[in-house]
Every structure is written in C-alpha cells, then in structure tokens.
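Chain identifiers are assigned alphabetically (A, B, ...) following the order of the sequence lines, protein sequences preceding nucleic acid strands; residue numbering begins at 1 within each chain. Treat the numbers as computed from the prediction; the structure is a model and nothing was measured.
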Amino acid sequence: MKHLLMSTLVAASAFASTQVMASRDSISVVGSSTVFPFSKVVAERFGKKTKFSAPTVEATGTGGGFKAFCGGVGVNFPDISNASRRVKQSEIDLCKENGVSEIIEVLIGYDGIVLANAVGADPVTFSRKAIYLALAKEVPSPDGKPVLVPNPYKKWSDIDKSLPDAKIEVLGPPPTSGTRDAFVELAMEGGCKKFDFMAAMRKTDKKKFKALCHVIREDGHFIESGENDNLIVQKLNKNPNAFGIFGFSFLDQNADKVQASLVDGNEPTFESIADGSYPVSRPLYFYVKKAHVNVIQGMKEFLAEFTSEASWGEEGYLTDKGMIPLSDKERTAIGTRVKNLDALKSL
Amino acid sequence: MSNSNTTELTTTQIVQNSLKKRYRAERRFKAFGIASVCVGVFALLILFTEIISKGVGAFTQTYVQLELKLDNDVLGIDDVSNPDAFMQANYTKVIRNALKEQFPTVKKRRDRRALYGMVSVGASYKLQAVITKNPDLIGTTQKFWVIADDDLDTYYKSLSDAEPFTGRMNDKQQAWVQTWVDNNQIKRKFNTTLFTAGDSSEPELAGILGALVGSLLTLSVTLILSFPIGVAAAVYLEEYAKRNKITDFIEVNINNLAAVPSVIFGLLGLAIFLNFFGMPRSIPLVGGLVLTLMTLPTIIISSRAAIKAVPPSIREAALGMGASKMQMILHHVIPLAMPGMLTGAIIGLAQALGETAPLLMIGMVAFIVDVPTGITDSATVLPVQIFLWADSPERAFVERTSAAIMVLLVFLISMNGIAIWLRKRLERRW
C-alpha cells in the first residue's frame, strides 16, 4: 500500500503549492454572452500575435460578469467584464464597496436585435407599436380609451389588418439575458411611447412608465426559449408562424435558415444598424479594472489590440463576426481614452 | 392435501389446469423485458446515428492549393538569424498576392475582401511555422495547400448534395470555388487540427485537445484526491468505527451528499477555494477539488459495500495467524475489496467527466485557446467544449460539436473498459 501513501502525499503537496501560487499569467475576461464571440476572436488573435498567452473568456451574462468583476481586486477576480448594456449605478457602487474604485469604460460597437421567422415563410414588416401591442402584458385599450387592459390580442391581424392572420408566437430569451433587456427597452418601449397618454406618463412618472411598458405577457404568446439561439432557429423552422428574437450577428451567420422582419420599414442590415436607421440596436461595451492594468501581464497590449483598426475598424475582423463598428470619430475618441487609461467618472 | 378425495382436484391437476395461464404470464413477462431492452437499444441507435452522421464531416477539412511567391520583398525578413523577424513578417500578403494573381479581374474592394475571406486566418500562422523551420524557402515559389475558411469548408462539403449549403458564400465566391474544383486546386484532407489544437473562434482552427487535456488533468486531480480519501474513510467506518449516533449521523450525511445536485458543489468551491483560499479562476486544480467533493460520497459508499463483501472468515483467519489489525486490512481486506472500490471510483469519475454545472461557478466554462500544460493553467473540459460549440453561431461548429461528442463517448467507453478489465484482473472468487 505504498502507492496509496504516495498518492496521498502528492495530493497534499499539490494543495500546499497553491498557497504559493498567487500570480496569473493570462488575462481573465467575463461577462455578456453577446460580446463573447467578439471578445474571443480578439483574445485568440492577441495570443497568436504576441508573446503573452491568450486571455480566458467566460460567458457569464452581463449581470453575472459585473458581479464577479466587482468582487474585488486581486488575481482571483476577473480583469475585464463584457456588457451588452451600460454599467448600472448599483454595479458601480458594488465595485466601490469592494475596493474596485476605477474602471475604464470601452464602447466597442453595436449589435442589432432582430425579429426573424423561418426562410420560406412570408417576410413581415412590423412597427414598434405592433411589437409592443403583441408582446406587452397590458396594452392600451383597443377602443381608444387611455387605460391599460390585459393584452387581448391573439392574432397578428387583430393588431393590424396588414399583418399575417396567424397566432402571435414569439420565441425569445429569458429575463436574465442582455438581449431581452435591450429588446424590451428599444422595441417595446419605443412602441409604448407612441401612445399619447403613455408618452405623457413618461414625462411625469418615468418609473411607472417603464414598469408598464417593459413587462412581457405570460399567457403563452411569448415563449421563453433559453439563451441558445440555435435552438430558437430549429423551432422556427418547425413552425413557420413563429418569430424569434436574437442578435444580428446570429442572423448574419444563419441567413439560409431565418430571415429578418422589417421594423418600422427598415431591414436590419450592416449599414442600417451602423447609421441608426434600424431602430432596435444596442451598444456593446467592456469594462477594465484599472488597478489590474500594470499588474496582469499584457493588459495594455490587449487593450491596444481590441481598439486597433484591424479589429474594431470598419473592415476589421470583428465586423466579419457581425459586430457593427462605431463611427470614425467615436473610435478616435474612445481609442485615446483607452490609451490614457481614463477611468469612468460617473454615468 | 391429506384429506383430498376423488371428487376434488388433486394438486397436480390444479397445477396442470393453471399451467397455460402461468406460461402466458411468463411469456408476457419475458416479452416486456425484451421490449424494454429494444427501446433502450433503439434510443442508443438513434443517438449514435444522429451524432455520427452529423459529426463525420468534421474529421475532414477543406484545403486550397495556391502558388505562393515567397519573395522577401513582400515578407520582409531582413535577418534570418533573428527569430523575431519571422514573427513580424507579412505572411498574409503573400497569400493575398497569390489569390490576386489567380483572379486578376477582381478589382472592387468588397470583392477583394470576399476573395481574401476564402482562406482562413490560420493559413498565415501555418506559413509562418513552415518558413521559420525552412528559411531556405524564402525567394522560391511553392505550391502550398492552405487551410480554407469555415464558410468555404461547409460549402465545399455540401457541394455533392442536391442543394449545396451556400450560407454566406455569394455568387462570385461560388464561381471561384468552381474554378478551383476544375483545376483540382481544392480537396479535403484529414482534419488533424481537430486533435492537435485548443479552442478557437474560427471553426477551421478549433480543436479539442485543450479540452481533452483539461479533462485529463481535472480527473487526475480528482482521482488522486478522492480515491485515497474515500478508501481511508470507508476502511475506518467499516473496520474501526463503533456503531453509535455519531457514525450513524456521518452515514446519513454521506448518503445525502451523494444525492446533492452538482451545482451546489460548484458554489461551495467558489466560496472555499476561490474566495477563501484565493486560488485563480478556471484552473483544473480547483475543478479537480470541486469534483473530488462531488465524487467522494460515491466512492465511500461503493468502497464500504466492497469491504463489507469480504467474508469475515478471511479477517478471522488473518487475525488468527497473528496478523495485526492493520496487516489484516492492508494485506487482505483492501486487496480483496479492490475491484469493487475501483469500480466505484471509475463510476464516480465517469460522472465527474460529464459535469459542467459545478465548473460554471469556478470559471471553467470559458473560451481558452492554449492547451494547458499543468494543473494551474487555465483549462476547460470536454462537456464544456461541447456546450460552447453547440452555442456558437458559426455553422461549421455544428459538425464539430458532434465530433467532440464522439470523442467524449470514446473517452467514457475506454474508462469503463479499464474498469471492467481491472475488475476481471483483480477479482477473486470464493
């Protein structure tokens, strides 16, 4: 039984060695699953191009990313957090509480959110108002009175005669997803404020307005389908009447299976999202812990790679992955800020 | 039976009368069993054909033959003795020049981009490796098979189908592919990258070696820790501990822990190993520790059962011959219980091999390019790799996902094979 004793010894020494090991030789990135594909391309190219090892990228979701990121300063906490929305004040406060006082904000580009159905089904044009009426839990009364009633619409044609005569069925991400947050804010809220009395409420009581416009119906017309976009595509192909919600980068890769619906008359294309004419698009960010920049090897070089023309530029490799680039002016401004390591002052 | 008379049926008659019914019941029972086995086999067949038919494409990769002019004017290697010069040379331009030369009519920026996009970014890394190894090639013109981009790969693989998968390939790109096909400049080769590379965001450059090594490292840590601890605990509980309230309490807890959902062990690992001990995220050491916690109950329970199954007569004989209790345990009980304990350990490890949930919390569900070389390098594991690929938008990852599942299955089958072999070798009958 010498082997047994030996292996116990080995195990014990492995334990002991961890106490000594307190450094980390690769950058740790966490956060949004939307930014994940972009972040990993940069990480990979950075690893191949430089003498540093490639960063570790985790897709934890925007909220989960900030939770880990703001956990504290030190090698067991991530250096960078990706986000498909801007950081919230509550998250900045959490960071401060744990000693992460300076964070650098980097806006990297945009992503469109599309409503799509299976290729072969008829392409549809939605207005944001119709999207809101189809998906909100409570909608303005159909008879025109300025009150909210539980959503009575069962078919698209109930909302607008020009829409298909089919049951409203939309597959979308769960509430933890940044895509869902952005969709609700851009598409639903955009449609919601088209009603005068709701627009008036927005001016007087913004909180209540948001609470009312952001709630998605739960009576089976909106189907929560998890974070896996491939699964949504499979379901769309089985049901030509259903629509799915996902990011433009995903549509771009699966153009043979799904087609995007037009929103307010605009087709989601590279150009229309970049110039802002397609209304449902959101910014993509990453946040850097300033205290780690000179401690973890390669941080500065990684930031330089991410903000180089070859990656986030108009013809950079990130655009090949479906990211919509910033304008030249924005890129120059943000690039300088990153170079000088200017921390985020306030929201 | 003693008071039976002729008018009543004898026992034999009763049995004979009911015999038909009993045979029928017997047949039904057997048929039910066969049907259950058939359902199982059928499900397995569907799973295998689905995975294999989807994944078989991933074992080949499309390559394009280009005539590369390795001019030093383009490459820009001024000092052959300086290894850094090879790193900074412009390999991409060499490949792009070759493409431009073959299709000189392509002039528009957009079309040029589409043309350059047909070759993977990995081609220049490969070229760099070749030239660094043979600097004599500089200045010559070489025919070179370069790795194709994933869009082209998927398209080329589907060319023989009734309706080729065009995906993001536009008409011009399809025409270029046709030219290559006519010139025999395009072919599929065995995909070695799949087995020699770590993860990548480009499907054609992605491999499972990183995840495979990560799985091995994590499982070694788990085995090294959980087997001795589990066996020692089982020996103590079976051979030394007196039965009282405390040992009962421990036993109930061990049985309970065996049924706890694995994600809870992940949360525990996050709290203890990362936040308290301050270990880094995403390393196999922490993964192995978490999985140790998870597999310990399984190993303890099966080891105790194996120790219990050793006949008391062997213990008594050993003690009777003058062996000490420790000698009795080390020389007789443990060797005889070893097959059972090993089976338990391997079942526990096989379970651990398939886990992703506990690893999520400690950062092992991550994109990691480099193949890990030790238990403190960032790493991921096979099931995580499968999950990440299944979630990727690129179409070429679909077949790679199935290929990774095949590798995982082979891994599992060989683990179970070892378990059976060990049991056969060590088993002793009385």
Chemist: Below 4.5 Å, heavy atoms only, C-beta onward: do A:F77 and B:R281 meet side chain to side chain?
Modeler: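 With C-beta onward as the side chain, the pair stays apart.
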Chemist: Side chains of B:V369 and A:F46, heavy atoms from C-beta outward: is any pair under 4.5 Å?
Modeler: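 The answer is no; the side chains never approach within 4.5 Å.
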Chemist: Where on A:T56 is there a heavy atom nearer than 4.5 Å to chain B: the side chain, the backbone, both, or neither?
Modeler: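 Contact with chain B involves both backbone and side-chain atoms of A:T56.
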Chemist: Take a 6.0 Å sphere around CD of A:Q297 and say whether it holds more than 12 heavy atoms from other residues, nucleotides or ligands.
Modeler: no
Chemist: Please determine whether the number of non-hydrogen atoms from other residues, nucleotides or ligands lying under 6.0 Å from atom NZ of A:K48 exceeds 12.
Modeler: yes
Chemist: Could you tell me which portion of B:S200 (side chain, backbone, both or neither) has an atom closer than 4.5 angstrom to a non-hydrogen atom of chain A?
Modeler: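 Contact with chain A is through both the backbone and side chain of B:S200.
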Chemist: With a 4.5 Å heavy-atom cut-off, do B:E202 and A:R45 have their side chains touching?
Modeler: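 Side chain of B:E202 against side chain of A:R45, heavy atoms only: contact under 4.5 Å found.
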Chemist: Given that the side chain runs from C-beta out, which part of A:F36 has a heavy atom under 4.5 Å from chain B: side chain, backbone, both or neither?
Modeler: side chain
Chemist: Would the distance check show the side chain of B:D370 and the main-chain N or O of A:A54 forming a donor-acceptor pair, the cut-off being under 3.5 Å?
Modeler: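 The answer is yes, because a donor-acceptor pair under 3.5 Å joins these two groups.
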Chemist: Where do A:G316 and B:R113 come nearest, in terms of heavy atoms and distance?
Modeler: O-NH2, 4.3 Å
Chemist: Can you say whether B:L270 sits under 4.5 Å from chain A via the side chain, the backbone, both, or neither, judging by heavy atoms?
Modeler: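 Contact with chain A is absent: no heavy atom of B:L270 under 4.5 Å.
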Chemist: Measuring from atom OG of A:S53 to atom CG of B:D377, what distance do you get when rounded to the nearest 0.5 angstrom?
Modeler: 8.0 Å
Chemist: Against chain B, work out which of A:K257, A:K321, A:K40 has the most heavy-atom pairs shorter than 4.5 Å and name it.
Modeler: A:K40
Chemist: Checking B:V398 against chain A: side chain, backbone, both or neither under 4.5 Å from a heavy atom?
Modeler: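 Contact with chain A involves no heavy atom of B:V398 at all.
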Chemist: Among B:S392, B:A366, B:A390, B:G117, single out the residue with the greatest number of heavy-atom pairs under 4.5 Å to chain A.
Modeler: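 Between B:S392, B:A366, B:A390, B:G117, the count favours B:A366.
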Chemist: Which atom names give the shortest non-hydrogen contact between A:E58 and B:G363, and what distance separates them?
Modeler: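 Distance-wise, the nearest heavy atoms are OE1-CA, 3.2 Å.
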Chemist: Just by modelled atom types, is the B:M279 backbone N or O under 3.5 Å from a matching donor or acceptor in the A:N76 side chain?
Modeler: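 No; judged by distance alone, with no hydrogens or angles, the pair does not exist.
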Chemist: Is it true that, when you exclude B:F387 itself, more than 12 heavy atoms of the residues, nucleotides or ligands shown sit nearer than 6.0 Å to its CZ?
Modeler: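 No.
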